[in-house]
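Quick notes on the structure that follows.
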Amino acid sequence: MTPQATWIDAVRTSHERLRGVLDRVEPQRYESSAYPSDWSIAQVASHLGSQAEIFGLFLDAGLADGVAPDGDAFKAVWARWDAMAPADQVAESVAANDRFVARLEEVASSGAPFEVELFGGPSDLSGVAAARLAEHAVHTWDVEVVLDPAATVGPEAVDLLVDRLPGTVAFAGRPPADAGPTSVVVGTRGTERRFRLDVDADAVRLQPVETEAAAEAAGSGAGTDAADVVLPAESLVRLVYGRLDAEHTPEGVAGAAHLPALRRVFPGF
C-alpha cells in the first residue's frame, strides 16, 4: 500500500508543476483553447481552483462527521468561479491550490482521525489525495500540452496513478455499440505493469496480470512478457483519460494498430 505521505507529496509536486505551467501562459492566451478544445486555459484553471475548494470541503468533513458536502455547496463554488474574469480564474486557481495543499499537509501532520464519504464510498486521507492527484495531474497536462506538444503527465503522478487505472477504467470506459467483445493484454514501460483489458457490451474491465499463472487464470494465455500493446505508462494513463489521440501518441508503441479501437473505448471525461 502506498504510504499517505507519498500521495500528499505527489499532490504538492503536481501543484508546483501547475504553478510553473500557468506562469508560462501569456495573459492574451488565457481564453485560447486548452485540451480538450471546448475548454479555454482559464476554464481549466478555474476548474482546478474550484475543485481545490471543494476538496477542501471534503477535508473539513473528514475531520468532522464524515458526511460528504452536498451538491448545493458544489454549485455555489462553481458559480463563483464561473463569474470570474479569465485573469482572475488563473490567479485565483494558483492561490486556491496553494491553500488546499497546505491544508492537506496540515491534516496529515496532525494525525487526527479522518474518514469521509468520497464518490460513493468511505475514504481515508490517502484516498482524498489520490483522487485530487488524478484530476490535478491530468488537467495540468491539458494546459501544458498547448504550450509544448511533447508534454507528458508528471512522472510523480504516473507512478502512482497507473495502479489505480482498473478503478478508473470501470468509470471511464464506454463499450462502443457496434463493437464485439475483445480482450487485449497491455504492457507498460517506465513504470512496468501488465494488464488485461476486456471490453464487452456491458462493461470495460482492466485487471492486473502479474505472473504467468495469473495470466492463465485470467484466460488470456499470455505471460508477463507477451502483450498485444506495449506503451509508456504515462501514455496508458492518458489513453484511459481520453487524451491519447494520434497527434499526442509517442513513437515506438508496440501493437499500435490496436490504438484506434481503444481510443473509442475511452472518449475522455
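We use all heavy atoms of the structure for the numbers below, so side chains are in, but hydrogens, waters and symmetry mates are not.
Applying the ring-ring contact (aromatic ring centres under 6.0 Å, His included) test to residues at least two apart or on different chains, none of the pairs has a partner in residues 118-137. Within the structure, salt bridge (Lys or Arg N to Asp or Glu O under 4.0 Å) pairs that include any residue of residues 129-149 comprise Arg17-Glu144, Arg24-Glu144, Arg132-Glu135, Asp142-Arg243 (at least two apart or interchain). Listed by first and then second residue, the side chain to side chain donor-acceptor pair (under 3.5 Å) pairs involving residues 260-269 are Asp178-Arg264, Thr249-Arg263 (not counting sequence neighbours).
Hydrophobic clustering of Ile, Leu, Val, Met, Phe, Trp and Tyr side chains at less than 4.5 Å, counting indirect connections, unites Leu197 with Val237.
Two residues are said to be in side-chain contact when any heavy atoms from C-beta on lie closer than 4.5 Å; Asp200 and Arg205 meet this criterion. Counting heavy atoms from C-beta on, the side chains of Leu165 and Val162 come closer than 4.5 Å. A heavy-atom distance below 4.5 Å is found between the side chains of Leu63 and Val107.
No side-chain donor from either of Trp81 and Gln51 sits under 3.5 Å from a side-chain acceptor of the other.
Atom CD1 of Ile8 and atom CG of Leu104 lie 4.5 Å apart (nearest 0.5 Å). The structure places CD of Glu92 at 8.5 Å from CZ of Arg80, a figure rounded to the nearest 0.5 Å. Note that CG of Leu48 and NE2 of His15 are 10.5 Å apart. Values are rounded to the nearest 0.5 Å.
Residues passing the side chain to side chain donor-acceptor pair (under 3.5 Å) test with Tyr30: none are found, sequence neighbours excluded. For Thr152, there are no side chain to side chain donor-acceptor pair (under 3.5 Å) partners at least two apart in sequence or on another chain. For His139, the ring-ring contact (aromatic ring centres under 6.0 Å, His included) partners two or more places apart in sequence, or in a different chain, are Trp39, His47.
For Glu247, the CD atom counts as loosely surrounded, since its 6.0 Å shell holds 12 or fewer non-hydrogen atoms of other residues, nucleotides or ligands.
For Tyr241 and Phe266, the distance between ring centers is not under 6.0 angstrom.
When all heavy atoms of Val11 and Ala129 are compared, the pair lying nearest together is CG2-O, 3.5 Å.
Under the 4.0 Å criterion applied to side-chain N and carboxylate O atoms, Glu106 and Arg103 are assigned as salt-bridge partners. Ion pairing of Arg196 with Asp198 is present here, as a side-chain N (NZ or NE/NH1/NH2) and a carboxylate O approach within less than 4.0 Å.
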